[in-house]
Amino acid sequence: MNRRKFCKTAVAASVAASFPMLGCSRSEPPVATSANTSIRAISLDGVEIELERAAIKELGDAMTGPVLLSGHPDYDGARKVWNGMHDKHPALIARCQSTDDIRRAVDFARERSLLLAVRGGGHSWPGKSVCDDGLMLDLADMRNVDVDIAAQTAWCQGGALLSHLDDASLAHGLVTTAGVVSHTGVGGFTLGGGFGRLNRKYGLTIDNVLGAEIITADGKVRQVSADNEPDLFWAIRGGGGNFGVVNKFHYQLHPMDRNVLSGMLVWPVAQARDVLEFYAEWSPTLSRELYVGPVMATMPDGTGIIAMEVVYNGDPASGEKELAPLRAIGTMIDDGVKVQDYKVMQTKEDAMTAHGIRSYAKNGMVREFTQALVDDMIDAYIPDPRAAIFTHTAGGAVKDHGERDTAFPHRNAESMIVFFTGWADPAQDEEGKAMCKQWHAALERHTGGYYDNIEQDGDKSVDSNYGPNFARLANIKGQFDAGNLFRMNSNIKPA
Ligand SMILES: Cc1cc2nc3c(=O)[nH]c(=O)nc-3n(C[C@H](O)[C@H](O)[C@H](O)COP(=O)(O)OP(=O)(O)OC[C@H]3O[C@@H](n4cnc5c(N)ncnc54)[C@H](O)[C@@H]3O)c2cc1C
């Protein structure tokens with residue numbers, strides 16, 4: 001990457017040193033199946049059950065991909081998810097390689113009422129894509145992206161990462177909204193909404209989903225779009241993994257010059273008031289091309305910073321003009337904004353959020369960036385290199401869709417504040433979580449609702465967070481998954 005380049009900047013050096021780089025890659029297991037005895041497992045309701053050897057063998061023989069059991073050399077690599085705090089041991093891992101593999105694994109779980117976790121990219125903060133003693137349906141071998149250049153669309157498999165989608169699209173001068181860390185999976189990311197640096201121009205990722213192929217709890221393979229199974233199509237755009245396993249998504253792409261004015265502007269935290277007060281007044285006037293949002297963090301040497309993350313998706317000269325008033329505030333430590341490949345920004349946070357980090361996050365939707373919020377941001381700042389707040393700037397095209405148009409309800413937000421802590425030592429787990437909760441609690445009064453894809457422990461009601469969409473979601477869940485097979489997620493109980 002550009003990672004070397006990125007590491008030169010003050011902010012990158014700070015963040016990269018603050019969070020441990022524990023390696024992003026996993027070994028790819030060979031196709032292998034081994035089940036010598038019946039194994040103990042757990043049902044959807046938490047009751048202990050036995051899985052017969054013959055049935056596991058039958059599943060393994062029928063699938064193209066491997067079924068991995070504890071003791072297999074690839075089992076430990078496959079069960080690992082992004083957040084190192086979730087060290088779980090599934091009874092078996094079905095490493096799917098086709099629609100048919102997914103269907104067989106879903107049937108296997110449903111017929112036995114076996115606890116089921118679905119792994120896309122494995123980035124679930126609360127570790128919902130792995131479970132103890134259940135079946136982990138793993139899509140890590142399903143990462144193909146087919147771009148239709150003429151139609152400006154892409155079919156992307158449900159286990160692909162955002163880097164696969166970005167790379168395949170950008171190779172043809174095309175793009176769609178994708179998130180800020182390239183090793184995040186398209187699966188969970190898209191199903192929950194999909195915030196990214198292009199959302200002010202193109203909307204959330206769900207606003208760019210034209211259709212999907214999904215395997216529902218009954219084992220049926222369904223094509224969903226605005227014309228086909230419209231209720232299910234509506235539900236999977238914001239309702240998370242509640243409705244089935246998405247084998248592939250169909251995305252709308254947009255032409256883009258990948259050389260964009262982008263980078264970080266960094267000031268010492270002592271100037272946070274000047275920067276944030278200006279931002280509060282200025283941000284409602286932003287063009288849809290400009291994505292710019294504040295970050296507060298602490299360097300390893302204890303220096304606090306206030307930074308702005310910038311991507312201008314348009315003519316760089318116009319971007320320079322629009323950005324000029326922000327650049328004129330105070331005295332920066334670093335001005336890294338220049339015309340550079342969009343992928344530089346899309347990968348710059350990869351290292352500091354590497355797989356294996358122990359992490360906790362909370363978030364809140366902000367309807368207005370008020371002066372009162374600025375005051376609290378300054379007062380609540382935690383000078384610890386393990387803690388940071390990021391913002392996802394929304395507004396613009398995100399607001400072109402009404403609250404009920406898709407299952408994702410928070411269309412009025414101008415911004416999402418993400419509270420993030422990361423550490424390496426398990427002994428710091430409680431401290432790390434508490435720090436995140438403390439920062440969030442100090443700003444919570446400025447937020448309304450939260451983004452399911454990031455919220456950690458569901459201490460708030462899923463029902464009220466979906467607002468007017470909850471009843472419809474619960475009905476659709478009842479129609480397609482009455483037994484709540486897909487419950488390892490921000491769970492919507494079937495009506
Ligand atoms: C470092 C980091 C950066 C992030 N940045 C952003 C960002 O910029 N914007 C943003 O919007 N969000 C962001 N997120 C949140 C992210 O969208 C969620 O964590 C999302 O769930 C990740 O998807 P995944 O497939 O990697 O997750 P997984 O852990 O694999 O799955 C998460 C949930 O989705 C379900 N799921 C996954 N794939 C499928 C599928 N194919 N079919 C059915 N269900 C599936 C799983 O069952 C599980 O319930 C970030 C998260 C992390 C950890």
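Computed from a predicted structure; not experimentally measured. Atoms within each ligand, like the ligands themselves, are counted from 1 in listed order.
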Ignoring hydrogens and angles, write down the donor-acceptor pairs under 3.5 Å from the side chains of residues 388-397, residues two or more places apart or on other chains.
unit_1, atom_1, unit_2, atom_2, d
T391, OG1, P294, O, 2.7
T393, OG1, V292, O, 2.9

Out of [options], indicate the one that has the non-hydrogen atom closest to [atom].
atom	options	answer
atom 43 (C) of ligand 1	G244, G179, S182	G244
atom 31 (O) of ligand 1	S490, G121, G187, S129	S129
atom 36 (N) of ligand 1	G194, A354, G188, P126	G188

Next on the checklist: Checking side-chain contact (heavy atoms from CB on, under 4.5 Å) between S163 and each of K343, Q346, H183, which is the one that passes?
Outcome noted: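 Exactly one pass, corresponding to K343.
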Item to check | For W82, the ligand 1 atoms whose distance to one of its heavy atoms is below 4.0 Å | outcome: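 This gives 1 (C), 53 (C) as the contact atoms.
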Next on the checklist: Give the atom numbers and elements of ligand 1 that come within less than 4.0 Å of a heavy atom of G158.
Outcome noted: 41 (N)
Checklist entry - Should V81 be listed as contacting ligand 1, given a heavy-atom distance under 4.0 Å as the test? => result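 No, V81 has no heavy atoms under 4.0 Å from ligand 1.
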Next on the checklist: Hydrogens and angles aside, do D148 and T153 bring a side-chain donor and acceptor to less than 3.5 Å of each other?
Outcome noted: no
Checklist entry - Does any donor atom in the side chain of N313 or Y202 lie under 3.5 Å from an acceptor atom in the other side chain? => result yes
Checklist outcome for this item: With heavy atoms and a 4.0 Å threshold, my read on which part of V246 contacts ligand 1 is both
Item to check | Residue pairs fulfilling salt bridge (charged side-chain N to carboxylate O under 4.0 Å, His left out) with at least one residue in residues 203-213, sequence neighbours excluded | outcome: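 Salt bridge (charged side-chain N to carboxylate O under 4.0 Å, His left out) check on residues 203-213 returns D207-R411.
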